[in-house]
**Student:** 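Submitted below is the structure of interest, expressed as structure tokens.
So you know, we letter chains A, B, ... as the sequences are listed, proteins then strands, and number each from 1. For clarity, every value in this text was computed on a predicted model and none was experimentally measured.
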Amino acid sequence: MPERFRSYDADPVTVARRLLGQRLVRVIDGRRLGGTIVEVEAYLGSEDKAAHTFRGRRTASNASMYLQGGHAYIYFTYGMHHCLNVVTGKAGDGTAVLLRAIEPLEGVKWMFARRTAATRDTQLCSGPAKLTQALALSRSEDGLDLARSPQLFIERLRRRPLPAKRVVSTPRIGVGYAGSWARRRLRFYIEGNPHVSPGR
DNA sequence: CCCGTGATTTAT
DNA sequence: TAAATCACGGGG
């Protein structure tokens, strides 16, 4: 049985790279759903124009992004979508890693049941809101502690980050409004993995 | 290409 | 009070 991943107390780029290749697990209705994290984005806090915590902004919606590293920050957007972030660093930092895609491995059949639009496994979790739909994550799970929660956690499958050669970095998706921050290469994915999001 | 859908922010 | 915005997904 793998140990839990616990290395959240670092800057979001470091944690983003560490998370690739680890396993996200969601337990619901007594079943395990999950898979390997294959695509992530780092959000750098108050200086990062694309971050929900830009200029120290604090609202009821983004409160959990200021929790200690290892908590879940789940936000609601576009009137219908949820996205899952893993908070990084220390309480108050406001930094996080957006989980954009996983390669589904456990409970695939139950993911298809929730992802009615998906016809192939590559459509199941290949985008941040697809992933939350497949895993039944919403604002109800916002703020969960991934180090302790029985419902949501990350298992450590590798002790070392993936070699940089196997990781592609690009600008983040959908943040064109963020000026120079839009051009920074803060998105990371496993090269050649078919479960990475198509992007925009 | 366009649209849904709604919380939140920004403009008037 | 109104309009625009938004870390998206699905359909044409």
Side-chain angles (χ1 to χ4, degrees), chain A residues 8 11-17 19-20 24 35 37-67 69 71-89 93-104 111-144 146 152 168-189 194-200:
Chain A
Y8 299 109
D11 67 274
V13 170
T14 299
V15 177
R17 288 186 171 276
L19 283 172
L20 289 175
L24 177 67
I37 298 168
V38 299
E39 178 184 355
V40 294
E41 284 176 359
Y43 286 85
L44 273 52
S46 60
E47 52 183 341
D48 178 359
K49 194 173 180 188
H52 290 171
T53 50
F54 180 52
R55 292 203 275 235
R57 181 175 160 266
R58 276 184 193 260
T59 67
S61 318
N62 74 0
S64 57
M65 193 163 162
Y66 289 100
L67 295 173
H71 289 260
Y73 166 48
I74 301 178
Y75 67 88
F76 177 66
T77 190
Y78 293 104
M80 58 180 99
H81 299 303
H82 294 274
C83 297
L84 168 65
N85 297 253
V86 174
V87 178
T88 71
D93 287 357
T95 57
V97 175
L98 172 66
L99 302 190
R100 287 193 55 90
I102 66 172
E103 174 169 347
M111 294 189 205
F112 270 112
R114 289 194 170 84
R115 290 272 309 124
T116 54
T119 57
R120 306 165 48 205
D121 66 345
T122 51
Q123 300 173 307
L124 233 29
C125 299
S126 54
K130 296 178 189 177
L131 182 161
T132 58
Q133 187 180 18
L135 300 185
L137 295 169
S138 67
R139 289 285 289 169
S140 308
E141 288 72 39
D142 177 57
L144 285 181
L146 274 47
L152 184 65
V168 180
S169 65
T170 76
R172 294 171 292 184
I173 304 295
V175 299
Y177 60 88
S180 61
W181 285 93
R183 295 188 288 277
R184 296 203 28 187
R185 304 197 340 179
L186 295 171
R187 171 174 177 245
F188 305 94
Y189 64 88
H195 299 274
V196 169
S197 73
R200 287 244 143 191

**Student:** Can you tell me which nucleotide in C:dA7, B:dT9, C:dG9 comes closest to the side chain of A:T59?
**Tutor:**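 Nucleotide nearest to A:T59's side chain: B:dT9.
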
**Student:** Test A:Y8 against A:V87 for side chain to side chain contact (heavy atoms under 4.5 Å, CB included), laying out the working first.
**Tutor:** CA-CA 7 Å; A:Y8 299 109; A:V87 178; over 6 Å; no

**Student:** Toward the 5' end of DNA chain C, which comes first, A:K130 or A:G79, by nearest nucleotide?
**Tutor:** A:G79

**Student:** For A:N62 and B:dA7, what is the distance between atoms CG and C1' respectively, to the nearest whole Å?
**Tutor:**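 Atom-to-atom, A:N62 to B:dA7, this comes out as 13 Å.
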
**Student:** From the options B:dA7, C:dG9, C:dA7, select the nucleotide whose nearest atom is closest to the side chain of A:Y73.
**Tutor:** C:dA7

**Student:** Over how many whole Å does the gap from A:F76 atom CZ to B:dT5 atom C1' extend?
**Tutor:** 7 Å

**Student:** Should A:Y43 be counted as stacked on C:dA7, where stacking needs a ring-centre gap under 5.5 Å and an angle between planes under 30 degrees?
**Tutor:** yes

**Student:** If we count only N and O atoms by modelled type, under 3.5 Å, do the side chains of A:S126 and A:S197 hold a donor and an acceptor together?
**Tutor:**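 The criterion, which ignores hydrogens and geometry beyond distance, is not satisfied for A:S197 and A:S126.
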
**Student:** Over all strands shown, is A:R139 touching base, sugar-phosphate only, or nothing at heavy-atom distances under 4.0 angstrom?
**Tutor:** nothing

**Student:** CD1 of A:I74 versus P of C:dC8: gap in Å, rounded?
**Tutor:** 16 Å

**Student:** Paired with C:dA7 by Watson-Crick or G-U wobble geometry, both distances under 3.5 Å: which nucleotide is it?
**Tutor:** none

**Student:** Does a donor on one side chain sit under 3.5 Å from an acceptor on the other, for A:R187 and A:T170?
**Tutor:**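 A donor-acceptor contact under 3.5 Å links the two side chains.
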
**Student:** Quantified in whole Å, what is the C1' atom distance between nucleotide C:dA7 and nucleotide B:dC1?
**Tutor:** 22 Å

**Student:** How are the rings of A:Y73 and A:H52 set to each other: parallel, tilted or perpendicular (split at 30° and 60°)?
**Tutor:**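 Taking A:H52 first and then A:Y73, their aromatic rings stand perpendicular (interplane angle over 60°).
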
**Student:** Can you tell me the distance, in whole Å, between the CG atom of A:N85 and the C1' atom of C:dC8?
**Tutor:** 14 Å

**Student:** Are A:T77 and B:dA7 close enough that a side-chain N or O sits under 4.0 Å from OP1 or OP2?
**Tutor:**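 No, because none of the side-chain N or O atoms of A:T77 sits under 4.0 Å from OP1 or OP2 of B:dA7.
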
**Student:** Rounded to the nearest 0.5 Å, what separates atom CZ in A:R100 from atom CZ in A:R172?
**Tutor:**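 These two atoms lie 11.0 Å from each other.
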
**Student:** Expressed as a whole number of angstroms, how long is the span from A:H81:NE2 to C:dA7:P?
**Tutor:** 13 Å

**Student:** Whole Å only: how far is the CD atom of A:Q123 from the C1' atom of C:dC8?
**Tutor:**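 Spelled out: CD on A:Q123 to C1' on C:dC8 is 15 Å.
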
**Student:** Could you tell me which nucleotide pairs with B:dT5 by Watson-Crick or G-U wobble geometry, both distances under 3.5 Å, or answer none if nothing does?
**Tutor:**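 Looking at the geometry, B:dT5 pairs with no nucleotide.
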
**Student:** Please pick, from C:dC8, B:dT5, B:dT8, the nucleotide with the shortest atom-to-atom distance to any side-chain atom of A:A129.
**Tutor:**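 Nearest to the side-chain atoms of A:A129, counting from C-beta on, is C:dC8.
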
**Student:** Under 4.0 angstrom, heavy atoms only, what part of the nucleic acid is A:R115 near: base, sugar-phosphate, or nothing?
**Tutor:** sugar-phosphate

**Student:** With nearest nucleotides of DNA chain C determined for A:Q133 and A:A50 from heavy-atom distances, which residue corresponds to the more 5′ nucleotide?
**Tutor:**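 So the residue in question is A:A50.
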
**Student:** If I take atom CD from residue A:E141 and atom CG from residue A:L146, how far apart are they, to the nearest 0.5 angstrom?
**Tutor:**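 One gets 11.5 Å once the value is rounded to the nearest 0.5 Å.
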
**Student:** I want to check one thing: is the phosphate of B:dT9, taken as OP1 and OP2, less than 4.0 Å away from some side-chain N or O of A:R57?
**Tutor:**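 Answer is yes, contact under 4.0 Å.
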
**Student:** Calculate the interatomic distance between A:R100 atom CZ and C:dG9 atom C1'; express it in whole Å.
**Tutor:** 11 Å

**Student:** To the nearest angstrom, how far is A:Y177 atom OH from B:dT10 atom P?
**Tutor:** 12 Å

**Student:** Among the candidates B:dG4, C:dG10, C:dC8, find the nucleotide nearest to the side-chain atoms of A:A117.
**Tutor:** C:dG10

